[in-house]
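Just so it is clear, the model here is predicted, and its values are computed rather than measured. The figures that follow rest on heavy atoms only: side chains count, while hydrogens, waters and symmetry mates do not. Each chain gets a letter, A, B and so on, in the order its sequence line appears, and its residues count up from 1.
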Protein chains: 2
Amino acid sequence: MEKQEFDAFISKKGLKLTRERDEIVSEVLCCQGHFAPDELFVQLRSKGSKVSRASIYRTIPLLVESGLIAEVERTDKHAHYEKVSKNSHHDHMICTVCGRVIEFYSKPLERLQESLCKRENFKGVRHCLEIMGVCENCDG
Amino acid sequence: MEKQEFDAFISKKGLKLTRERDEIVSEVLCCQGHFAPDELFVQLRSKGSKVSRASIYRTIPLLVESGLIAEVERTDKHAHYEKVSKNSHHDHMICTVCGRVIEFYSKPLERLQESLCKRENFKGVRHCLEIMGVCENCDG
DNA sequence: AATGAAACTGAGACTCTGTCTCAATTATAT
DNA sequence: ATATAATTGAGACAGAGTCTCAGTTTCATT
(Lines give C-alpha, C1' and ligand atoms only; values in the text may rest on other atoms or scores of the structure.)
Protein backbone atom coordinates (compact mmCIF):
# COMPACT_ATOMS: atom_id res chain seq x y z
CA MET A 1 0.00 0.00 0.00
CA GLU A 2 2.75 2.44 0.91
CA LYS A 3 4.31 1.80 -2.47
CA GLN A 4 1.55 3.80 -4.15
CA GLU A 5 2.28 6.70 -1.80
CA PHE A 6 5.89 6.73 -2.91
CA ASP A 7 4.89 6.51 -6.56
CA ALA A 8 2.57 9.47 -6.02
CA PHE A 9 5.39 11.39 -4.36
CA ILE A 10 7.70 10.70 -7.29
CA SER A 11 5.12 11.75 -9.87
CA LYS A 12 4.21 14.88 -7.97
CA LYS A 13 7.87 15.91 -8.02
CA GLY A 14 8.01 15.45 -11.79
CA LEU A 15 10.38 12.52 -11.39
CA LYS A 16 10.10 9.21 -13.14
CA LEU A 17 8.99 5.79 -12.04
CA THR A 18 11.78 3.45 -13.00
CA ARG A 19 12.38 -0.23 -12.55
CA GLU A 20 15.27 0.53 -10.19
CA ARG A 21 13.23 2.75 -7.89
CA ASP A 22 10.51 0.15 -7.91
CA GLU A 23 12.86 -2.60 -6.86
CA ILE A 24 14.42 -0.46 -4.13
CA VAL A 25 11.11 0.63 -2.59
CA SER A 26 9.78 -2.92 -2.63
CA GLU A 27 12.86 -4.21 -0.89
CA VAL A 28 12.73 -1.49 1.75
CA LEU A 29 9.06 -2.16 2.40
CA CYS A 30 9.48 -5.88 2.85
CA CYS A 31 12.58 -5.74 5.06
CA GLN A 32 12.23 -5.47 8.83
CA GLY A 33 14.20 -3.34 11.27
CA HIS A 34 17.20 -1.17 10.54
CA PHE A 35 19.10 -1.40 7.28
CA ALA A 36 22.26 0.05 5.79
CA PRO A 37 22.57 1.17 2.15
CA ASP A 38 25.01 -1.55 1.26
CA GLU A 39 22.83 -4.25 2.81
CA LEU A 40 20.04 -3.09 0.56
CA PHE A 41 22.36 -3.33 -2.42
CA VAL A 42 23.52 -6.84 -1.57
CA GLN A 43 19.97 -8.07 -0.93
CA LEU A 44 18.68 -6.68 -4.21
CA ARG A 45 21.58 -8.13 -6.17
CA SER A 46 21.07 -11.52 -4.52
CA LYS A 47 17.49 -11.43 -5.77
CA GLY A 48 18.67 -10.92 -9.34
CA SER A 49 18.33 -7.14 -9.53
CA LYS A 50 20.85 -5.30 -11.68
CA VAL A 51 20.59 -2.11 -9.63
CA SER A 52 23.80 -0.19 -8.95
CA ARG A 53 25.11 1.22 -5.71
CA ALA A 54 24.75 4.70 -7.15
CA SER A 55 21.02 4.20 -7.62
CA ILE A 56 20.66 2.96 -4.06
CA TYR A 57 22.39 6.05 -2.75
CA ARG A 58 20.40 8.27 -5.09
CA THR A 59 17.05 6.76 -4.10
CA ILE A 60 17.52 6.77 -0.33
CA PRO A 61 17.19 10.58 0.00
CA LEU A 62 13.93 10.33 -1.97
CA LEU A 63 12.62 7.67 0.40
CA VAL A 64 13.53 9.92 3.31
CA GLU A 65 11.93 12.98 1.72
CA SER A 66 8.77 11.02 0.98
CA GLY A 67 8.55 10.12 4.66
CA LEU A 68 8.73 6.40 4.04
CA ILE A 69 12.00 5.94 5.89
CA ALA A 70 14.16 8.00 8.24
CA GLU A 71 17.82 8.01 9.00
CA VAL A 72 18.65 6.52 12.38
CA GLU A 73 21.46 8.22 14.23
CA ARG A 74 23.87 5.57 15.37
CA THR A 75 27.39 5.71 16.76
CA ASP A 76 28.21 3.04 14.21
CA LYS A 77 30.38 4.47 11.45
CA HIS A 78 27.95 4.12 8.55
CA ALA A 79 24.38 5.15 7.77
CA HIS A 80 21.34 3.29 9.06
CA TYR A 81 17.72 3.76 8.12
CA GLU A 82 14.38 2.47 9.35
CA LYS A 83 10.82 2.54 8.09
CA VAL A 84 8.85 5.37 9.63
CA SER A 85 6.05 4.19 11.87
CA LYS A 86 3.28 5.96 13.80
CA ASN A 87 5.09 6.16 17.10
CA SER A 88 7.87 8.25 15.66
CA HIS A 89 10.44 9.09 18.30
CA HIS A 90 12.14 6.33 20.19
CA ASP A 91 15.59 5.35 21.33
CA HIS A 92 17.52 2.13 20.88
CA MET A 93 19.01 -0.73 22.82
CA ILE A 94 21.46 -2.59 20.60
CA CYS A 95 22.59 -6.12 21.34
CA THR A 96 26.32 -6.38 20.73
CA VAL A 97 26.02 -10.14 20.28
CA CYS A 98 23.26 -10.55 17.69
CA GLY A 99 22.83 -6.98 16.48
CA ARG A 100 19.17 -6.94 17.47
CA VAL A 101 17.71 -3.46 17.91
CA ILE A 102 15.08 -2.87 20.59
CA GLU A 103 13.11 0.34 20.26
CA PHE A 104 11.86 2.00 23.40
CA TYR A 105 10.28 5.24 24.46
CA SER A 106 10.03 6.74 27.92
CA LYS A 107 8.21 9.93 28.70
CA PRO A 108 10.05 10.37 32.03
CA LEU A 109 13.33 10.05 30.16
CA GLU A 110 12.31 12.76 27.72
CA ARG A 111 11.25 15.03 30.57
CA LEU A 112 14.45 14.42 32.47
CA GLN A 113 16.48 15.40 29.43
CA GLU A 114 14.47 18.56 29.03
CA SER A 115 15.21 19.60 32.58
CA LEU A 116 18.91 18.81 32.13
CA CYS A 117 18.98 21.03 29.04
CA LYS A 118 17.27 23.82 30.94
CA ARG A 119 19.91 23.60 33.64
CA GLU A 120 22.63 24.21 31.00
CA ASN A 121 20.64 26.89 29.15
CA PHE A 122 20.80 24.56 26.17
CA LYS A 123 18.00 24.46 23.64
CA GLY A 124 17.72 20.73 22.86
CA VAL A 125 16.42 19.99 19.37
CA ARG A 126 16.83 16.26 19.03
CA HIS A 127 18.68 13.52 20.79
CA CYS A 128 19.97 10.05 20.31
CA LEU A 129 20.31 7.55 23.11
CA GLU A 130 21.93 4.27 22.31
CA ILE A 131 22.28 1.63 24.99
CA MET A 132 24.70 -1.13 24.02
CA GLY A 133 24.50 -4.43 25.81
CA VAL A 134 23.19 -7.97 25.62
CA CYS A 135 19.57 -8.87 24.87
CA GLU A 136 17.67 -11.61 26.71
CA ASN A 137 18.09 -14.09 23.84
CA CYS A 138 21.86 -13.79 23.91
CA ASP A 139 22.36 -13.62 27.67
CA GLY A 140 22.95 -17.32 28.31
CA MET B 1 52.85 16.71 34.10
CA GLU B 2 50.76 14.14 32.28
CA LYS B 3 53.36 14.05 29.56
CA GLN B 4 55.76 12.27 31.89
CA GLU B 5 53.11 9.65 32.58
CA PHE B 6 52.80 8.92 28.91
CA ASP B 7 56.58 8.77 28.52
CA ALA B 8 56.71 6.29 31.39
CA PHE B 9 53.98 4.22 29.76
CA ILE B 10 55.92 4.14 26.48
CA SER B 11 59.17 3.16 28.14
CA LYS B 12 57.52 0.49 30.24
CA LYS B 13 56.16 -1.07 27.06
CA GLY B 14 59.63 -1.16 25.52
CA LEU B 15 58.61 1.42 22.95
CA LYS B 16 60.57 4.46 21.95
CA LEU B 17 60.23 8.12 22.74
CA THR B 18 60.27 9.84 19.40
CA ARG B 19 59.91 13.41 18.28
CA GLU B 20 56.61 12.58 16.58
CA ARG B 21 55.05 11.03 19.69
CA ASP B 22 56.27 13.97 21.66
CA GLU B 23 54.64 16.45 19.35
CA ILE B 24 51.38 14.52 19.27
CA VAL B 25 51.08 14.16 23.05
CA SER B 26 51.89 17.81 23.57
CA GLU B 27 49.24 18.88 21.10
CA VAL B 28 46.62 16.61 22.66
CA LEU B 29 47.43 17.91 26.13
CA CYS B 30 47.17 21.55 25.19
CA CYS B 31 43.97 21.27 23.16
CA GLN B 32 40.61 21.56 24.85
CA GLY B 33 37.47 19.53 24.31
CA HIS B 34 36.86 16.88 21.69
CA PHE B 35 39.18 16.36 18.76
CA ALA B 36 39.26 14.26 15.63
CA PRO B 37 42.41 12.59 14.29
CA ASP B 38 42.55 14.76 11.21
CA GLU B 39 42.13 17.95 13.23
CA LEU B 40 45.17 16.91 15.22
CA PHE B 41 47.09 16.37 12.01
CA VAL B 42 46.13 19.75 10.57
CA GLN B 43 46.93 21.55 13.83
CA LEU B 44 50.35 19.95 14.13
CA ARG B 45 51.22 20.64 10.51
CA SER B 46 50.13 24.27 10.90
CA LYS B 47 52.60 24.54 13.77
CA GLY B 48 55.42 23.36 11.56
CA SER B 49 55.45 19.70 12.54
CA LYS B 50 56.43 17.22 9.84
CA VAL B 51 54.37 14.42 11.40
CA SER B 52 52.44 12.14 9.04
CA ARG B 53 48.83 11.05 9.21
CA ALA B 54 50.02 7.50 9.73
CA SER B 55 51.85 8.48 12.90
CA ILE B 56 48.77 10.26 14.23
CA TYR B 57 46.65 7.18 13.67
CA ARG B 58 49.38 4.96 15.13
CA THR B 59 49.83 7.07 18.23
CA ILE B 60 46.16 7.51 19.12
CA PRO B 61 45.70 3.88 20.26
CA LEU B 62 48.72 4.32 22.52
CA LEU B 63 47.22 7.45 24.03
CA VAL B 64 44.00 5.53 24.64
CA GLU B 65 45.85 2.56 26.13
CA SER B 66 47.84 4.84 28.40
CA GLY B 67 44.59 6.25 29.72
CA LEU B 68 45.37 9.78 28.61
CA ILE B 69 42.49 10.02 26.18
CA ALA B 70 39.36 8.01 25.40
CA GLU B 71 37.29 7.58 22.31
CA VAL B 72 33.98 9.40 22.44
CA GLU B 73 31.04 7.68 20.80
CA ARG B 74 29.35 10.14 18.52
CA THR B 75 26.73 9.81 15.82
CA ASP B 76 29.05 11.88 13.70
CA LYS B 77 30.61 9.64 11.08
CA HIS B 78 34.24 9.85 12.17
CA ALA B 79 36.25 9.24 15.33
CA HIS B 80 36.33 11.69 18.23
CA TYR B 81 38.50 11.63 21.31
CA GLU B 82 38.69 13.54 24.55
CA LYS B 83 41.15 13.84 27.39
CA VAL B 84 40.25 11.55 30.26
CA SER B 85 39.30 13.41 33.41
CA LYS B 86 38.44 12.33 36.93
CA ASN B 87 34.69 12.30 36.49
CA SER B 88 34.78 9.64 33.83
CA HIS B 89 31.29 8.89 32.53
CA HIS B 90 29.20 11.68 31.14
CA ASP B 91 26.96 12.42 28.19
CA HIS B 92 27.05 15.27 25.72
CA MET B 93 25.04 18.21 24.51
CA ILE B 94 26.39 19.36 21.16
CA CYS B 95 25.70 22.79 19.76
CA THR B 96 24.90 22.49 16.08
CA VAL B 97 25.87 26.11 15.52
CA CYS B 98 29.33 26.41 17.07
CA GLY B 99 30.16 22.76 17.68
CA ARG B 100 30.63 23.33 21.39
CA VAL B 101 30.35 20.20 23.49
CA ILE B 102 28.82 20.40 26.97
CA GLU B 103 29.48 17.44 29.23
CA PHE B 104 26.86 16.50 31.76
CA TYR B 105 26.12 13.71 34.17
CA SER B 106 22.87 12.87 35.89
CA LYS B 107 22.44 10.07 38.37
CA PRO B 108 18.64 10.03 37.94
CA LEU B 109 19.17 9.64 34.19
CA GLU B 110 21.47 6.69 34.74
CA ARG B 111 19.00 5.07 37.12
CA LEU B 112 16.12 5.61 34.73
CA GLN B 113 18.05 3.91 31.96
CA GLU B 114 18.79 0.98 34.21
CA SER B 115 15.12 0.49 34.95
CA LEU B 116 14.24 0.75 31.25
CA CYS B 117 16.78 -1.96 30.49
CA LYS B 118 15.37 -4.16 33.22
CA ARG B 119 11.94 -3.80 31.71
CA GLU B 120 13.25 -5.18 28.38
CA ASN B 121 15.38 -7.87 30.02
CA PHE B 122 18.33 -6.14 28.42
CA LYS B 123 21.73 -6.15 30.08
CA GLY B 124 23.00 -2.63 29.42
CA VAL B 125 26.78 -2.34 29.25
CA ARG B 126 27.37 1.19 28.10
CA HIS B 127 25.39 3.96 26.54
CA CYS B 128 25.75 7.13 24.61
CA LEU B 129 23.33 10.02 24.86
CA GLU B 130 23.83 12.90 22.51
CA ILE B 131 21.55 15.90 22.68
CA MET B 132 21.86 18.12 19.63
CA GLY B 133 20.68 21.70 19.87
CA VAL B 134 21.77 25.28 20.39
CA CYS B 135 23.92 26.46 23.28
CA GLU B 136 23.28 29.67 25.20
CA ASN B 137 26.06 31.55 23.38
CA CYS B 138 24.53 30.82 19.99
CA ASP B 139 20.88 31.29 20.89
CA GLY B 140 20.51 34.93 19.94
C1' DA C 1 2.52 4.72 -32.21
C1' DA C 2 6.46 8.02 -32.79
C1' DT C 3 8.99 11.77 -30.88
C1' DG C 4 11.95 14.36 -27.99
C1' DA C 5 13.34 16.56 -23.76
C1' DA C 6 14.35 15.77 -19.30
C1' DA C 7 15.28 12.37 -15.96
C1' DC C 8 17.70 8.27 -14.97
C1' DT C 9 21.10 4.70 -15.19
C1' DG C 10 25.66 2.07 -14.43
C1' DA C 11 30.54 2.43 -14.58
C1' DG C 12 34.06 4.18 -12.71
C1' DA C 13 36.69 8.25 -10.97
C1' DC C 14 37.00 10.60 -6.86
C1' DT C 15 36.80 12.03 -1.72
C1' DC C 16 37.33 11.12 2.97
C1' DT C 17 38.57 8.43 6.94
C1' DG C 18 41.35 5.04 8.28
C1' DT C 19 44.73 0.90 7.74
C1' DC C 20 48.74 -1.43 5.95
C1' DT C 21 53.30 -2.22 3.70
C1' DC C 22 57.89 -1.25 2.97
C1' DA C 23 62.31 0.74 2.65
C1' DA C 24 64.82 4.09 5.09
C1' DT C 25 65.61 6.18 9.68
C1' DT C 26 66.15 6.53 14.68
C1' DA C 27 66.12 5.41 19.72
C1' DT C 28 68.25 2.92 23.09
C1' DA C 29 70.70 -0.93 25.53
C1' DT C 30 75.06 -2.66 25.29
C1' DA D 1 80.22 3.12 18.68
C1' DT D 2 77.22 -0.39 17.43
C1' DA D 3 73.49 -3.46 16.67
C1' DT D 4 68.81 -4.28 16.65
C1' DA D 5 64.31 -3.58 17.13
C1' DA D 6 61.00 0.06 16.84
C1' DT D 7 59.50 3.95 14.15
C1' DT D 8 58.89 6.83 10.39
C1' DG D 9 56.71 8.89 5.90
C1' DA D 10 55.05 7.84 1.47
C1' DG D 11 51.89 5.90 -0.80
C1' DA D 12 48.94 1.82 -1.83
C1' DC D 13 44.77 0.11 -0.24
C1' DA D 14 39.93 -0.38 1.77
C1' DG D 15 35.11 0.93 2.76
C1' DA D 16 31.40 4.30 2.60
C1' DG D 17 29.62 7.56 -0.04
C1' DT D 18 29.44 11.26 -3.93
C1' DC D 19 29.88 12.86 -8.59
C1' DT D 20 30.42 12.86 -13.66
C1' DC D 21 29.32 11.42 -18.02
C1' DA D 22 27.75 9.02 -21.95
C1' DG D 23 24.17 6.08 -23.05
C1' DT D 24 19.25 4.67 -21.80
C1' DT D 25 14.52 5.16 -20.37
C1' DT D 26 10.27 7.46 -19.03
C1' DC D 27 6.45 10.06 -20.27
C1' DA D 28 3.92 14.12 -22.02
C1' DT D 29 3.02 15.51 -26.42
C1' DT D 30 2.12 14.80 -30.99
[X] and [Y]: side-chain donor and acceptor closer than 3.5 Å?
{"X": "A:Glu39", "Y": "A:His80", "value": "no"}
{"X": "A:His92", "Y": "A:Glu130", "value": "no"}
{"X": "A:His89", "Y": "A:Glu103", "value": "no"}
{"X": "A:Asp91", "Y": "A:His127", "value": "yes"}

Is any side-chain heavy atom of A:Ile94 less than 4.5 Å from a side-chain heavy atom of A:Arg74?
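Side chain of A:Ile94 against side chain of A:Arg74, heavy atoms only: contact under 4.5 Å found.
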
If we only count heavy atoms from C-beta on, is the B:Glu120 to A:Ile131 side-chain gap below 4.5 Å?
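No. Closest side-chain heavy atoms not under 4.5 Å.
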
Where the side chain of [X] is defined as all heavy atoms beyond and including C-beta, which of [options] is the nearest nucleotide?
{"X": "B:Ala54", "options": "C:dA27, D:dA10, C:dG10", "value": "D:dA10"}
{"X": "B:Tyr57", "options": "C:dT19, C:dT9, D:dA10", "value": "C:dT19"}
{"X": "A:Leu15", "options": "C:dC8, C:dT21, C:dG10", "value": "C:dC8"}
{"X": "A:Ala79", "options": "D:dG17, C:dT9, D:dT8", "value": "D:dG17"}

Less than 4.0 angstrom between a side-chain N/O of B:Arg21 and OP1 or OP2 of D:dT7, yes or no?
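Checking B:Arg21 against D:dT7: at least one side-chain N or O falls below 4.0 Å of OP1 or OP2.
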
Ignoring backbone atoms, establish whether A:Ser55 has a side-chain N or O less than 4.0 Å from OP1 or OP2 of C:dG10.
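For C:dG10, OP1/OP2 do have a side-chain N/O of A:Ser55 under 4.0 Å.
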
Identify, between B:Gly14 and B:Arg45, the residue whose nearest nucleotide on DNA chain D lies closer to the 5' end.
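It is B:Gly14, whose closest nucleotide lies nearer the 5' terminus.
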
Give the rounded distance in Å between these two atoms: [atom1] of [X] and [atom2] of [N].
{"X": "B:Phe41", "N": "D:dG11", "atom1": "CZ", "atom2": "P", "answer": "12 Å"}
{"X": "B:Glu20", "N": "D:dA6", "atom1": "CD", "atom2": "P", "answer": "17 Å"}
{"X": "A:Leu62", "N": "D:dT18", "atom1": "CG", "atom2": "P", "answer": "13 Å"}
{"X": "A:Glu39", "N": "D:dG17", "atom1": "CD", "atom2": "P", "answer": "10 Å"}
{"X": "A:Glu23", "N": "C:dG10", "atom1": "CD", "atom2": "C1'", "answer": "13 Å"}
{"X": "B:Arg19", "N": "C:dT28", "atom1": "CZ", "atom2": "P", "answer": "13 Å"}
{"X": "A:Ile60", "N": "D:dG17", "atom1": "CD1", "atom2": "P", "answer": "8 Å"}
{"X": "B:His78", "N": "D:dG15", "atom1": "NE2", "atom2": "C1'", "answer": "17 Å"}

Would you state whether a donor and an acceptor, one from the side chain of B:Lys16 and one from the base of D:dA5, lie under 3.5 Å apart?
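Donor-acceptor pair under 3.5 Å: yes.
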
Suppose we call a contact any N or O donor and acceptor under 3.5 Å apart; does that hold for the side chain of B:Arg58 and the base of D:dG9?
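For B:Arg58, whose side chain was compared with the base of D:dG9, there is a donor-acceptor pair (under 3.5 Å).
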
Closer to the 5' end of DNA chain C via nearest nucleotide, is it A:Thr18 or B:Lys77?
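Its nearest nucleotide lies further toward 5', so the answer is A:Thr18.
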
Reading DNA chain C from 5' onward, which residue's closest nucleotide shows up sooner: A:Val51 or B:Leu17?
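Nearest nucleotide further toward 5': that of A:Val51.
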
Kindly work out whether a path of hydrophobic side-chain contacts (I/L/V/M/F/W/Y, heavy atoms less than 4.5 Å apart) joins B:Val64 to B:Leu40.
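Yes; B:Leu40 is reachable from B:Val64 via cluster members.
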
Hydrophobic clusters here meaning ILVMFWY residues chained together by side-chain heavy-atom distances under 4.5 Å, can you tell me if A:Met93 and A:Phe35 are in one?
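No.
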
Note down the inter-axis angle between the two ends of the helix from C:dA1-D:dT30 to C:dT30-D:dA1, five pairs each, to the nearest 10°.
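Roughly 10° between the end axes, to the nearest 10°.
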
